[in-house]
Amino acid sequence: MEALTTGPRDQRRCHVLGVPVDACRDVTAAAIGLHAEAGGQIVTLNAEMTMLARRNADLGAVIRAADLVVPDGAGVVWALARQGIMVQRSPGIELAWSLLKYAEAHGWRVALVGASPEVMERLSDRLAQQSPALQLVFVEHGYQDAGVWPELEARLRRLSPDLVLVALGVPLQEIWIQRMRDRLPGLWMGVGGSFDVWSGLKQRAPGWASRLQIEWLYRLLQDPKRWKRYLALPQFAWSVLRHGERQR
Ligand code: UDP
């Protein structure tokens with residue numbers, strides 16, 4: 001096993017099944033470093049998304065162009081370990097929360113985009129109570145009529161926040177961020193179901209499920225409609241066992 005050596009930005013680009021992922025000692029530090037430079041797009045990669053990126057050329061291109069790709073899932077960490085690269089799993093929901101806390105402490109201007117109107121209403125109330133110093137400059141749910149988006153997007157661009165968290169689901173959120181960000185500064189990150197959890201309307205898998213690496217099963221039981229998505233997991237494991245060590 002090799003020790004993890006990274007570049008000045010605490011980040012070393014590796015690959016799992018040809019999809020990029022960055023090894024970092026501290027993902028929050030890497031993200032804050034990115035903000036201090038010119039900003040960028042953060043992607044949180046898990047096994048399901050890795051398989052989708054191999055099929056979906058648009059998502060694959062977005063991940064290759066992303067500035068920081070975080071190993072969000074246990075499968076990605078395992079695949080890297082098979083190449084001798086030891087990294088810690090960095091759940092996107094935890095990185096996003098750390099960045100929100102950092103934003104509150106350092107006066108960053110924050111935008112939240114996506115999730116249902118009910119989730120966004122509850123989340124805004126919670127944040128106003130728990131994080132009164134947080135500068136929320138833009139909060140919009142993700143079920144707007146098609147005709148409303150251009151105005152929302154123009155407003156968001158003009159605001160040019162320090163941190164934009166986007167919950168529109170994979171791969172829409174990643175593709176939308178790339179189009180929106182263009183040359184804007186700030187950190188832009190897709191956060192999937194994080195707002196649902198932060199609002200209190202959904203439960204995150206408990207620690208024991210995460211330690212047993214069956215967080216996916218917990219999510220499946222909460223939302224059985226997701227079953228098709230999990231067919232990607234055995235395909236991922238099989239591909240890594242067959243080709244993983246050659247995918248550096
Ligand atoms: N979502 C949305 N608009 C849509 C589709 C989805 O705002 O048109 C939201 C949805 O309400 C949820 C998030 O996107 O809050 C995606 O959650 P999911 O658990 O599916 O995330 P993923 O597993 O795709 O990362």
Side-chain angles (χ1 to χ4, degrees), residues 19 21 41-56 58-60 62-63 66 68-76 89-97 99-100 110-127 136 138-150 152-153 156 164-180 188-206 209-210 213-233 235-236:
V19 179
V21 57
Q41 178 165 7
I42 303 175
V43 169
T44 61
L45 189 74
N46 60 22
E48 186 191 326
M49 201 169 163
T50 304
M51 296 312 276
L52 184 60
R54 281 157 63 87
R55 290 196 311 275
N56 180 325
D58 290 342
L59 179 62
V62 170
I63 299 177
L68 178 62
V69 185
V70 170
D72 169 288
V76 171
R89 183 177 167 223
S90 306
I93 188 170
E94 290 175 14
L95 172 59
W97 188 253
L99 291 174
L100 212 56
V110 175
L112 306 179
V113 184
S116 69
E118 187 190 2
V119 162
M120 270 317 211
E121 214 180 293
R122 284 204 188 199
L123 180 56
S124 307
D125 288 351
R126 275 197 166 189
L127 288 175
L136 274 183
F138 184 95
V139 179
E140 294 291 345
H141 69 78
Y143 294 87
Q144 314 279 347
D145 291 338
V148 176
W149 281 106
L152 292 183
E153 293 178 0
L156 182 56
V164 185
L165 301 179
V166 183
L168 294 172
V170 176
L172 179 61
Q173 61 194 20
E174 280 72 28
I175 293 167
W176 186 80
I177 285 175
Q178 191 190 46
R179 177 171 65 76
M180 275 296 294
W188 295 64
M189 175 176 174
V191 295
S194 301
F195 296 168
D196 301 353
V197 173
W198 293 346
S199 70
L201 283 172
K202 274 204 181 163
Q203 297 287 310
R204 196 175 166 207
S210 174
Q213 303 194 355
I214 53 166
E215 218 166 325
W216 61 272
L217 182 60
Y218 190 87
R219 290 193 83 180
L220 179 60
L221 292 174
Q222 273 202 344
D223 188 359
K225 287 194 300 294
R226 299 174 75 94
W227 71 270
K228 258 193 185 160
R229 304 168 55 146
Y230 292 113
L231 296 178
L233 298 182
Q235 288 165 1
F236 173 84

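Read the numbers this way: they start at 1 and go in the same order the structure lists the ligands and their atoms. All residue numbers refer to positions in the sequence shown, counting from 1. Every value quoted in this text rests on a predicted model; they were computed, and no experiment measured them.
One N or O on the side chain of Arg126 and one on the backbone of Trp198 form a donor-acceptor pair closer than 3.5 Å. Remark: side-chain polar atoms of Gln41 are not paired, donor with acceptor, to backbone N or O of Ile177 under 3.5 angstrom. Side-chain N or O atoms of Asn56 include one that pairs as donor or acceptor with a backbone N or O of Asp58 at under 3.5 Å.
Looking only at atom types and distance, the side chain of Trp216 has no donor-acceptor partner in the side chain of Glu48 under 3.5 Å away.
Here Glu94 pairs with Arg204 in a salt bridge; the nearest charged N to carboxylate O distance falls below 4.0 Å.
Scanning both residues, Glu215 and Arg89, for their nearest heavy atoms gives OE1-NH1, 2.9 Å.
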Check ligand 1 for N or O atoms under 3.5 Å from a protein N or O and list each pair with its distance.
from	atom 1	to	atom 2	distance (Å)
ligand 1	1 (N)	Tyr143	OH	3.2
ligand 1	3 (N)	Gly142	O	2.9
ligand 1	7 (O)	Ala115	N	2.8
ligand 1	7 (O)	Ala167	O	3.2
ligand 1	11 (O)	Tyr143	OH	2.9
ligand 1	14 (O)	Ala167	O	3.1
ligand 1	14 (O)	Gly169	N	3.3
ligand 1	15 (O)	Asp196	OD1	2.9
ligand 1	15 (O)	Asp196	OD2	3.1
ligand 1	19 (O)	Arg219	NH2	2.9
ligand 1	19 (O)	Arg226	NH1	3.1
ligand 1	23 (O)	Arg226	NH2	2.9
ligand 1	23 (O)	Arg229	NH2	2.7
ligand 1	24 (O)	Val170	N	3.0
ligand 1	24 (O)	Arg229	NH2	3.3

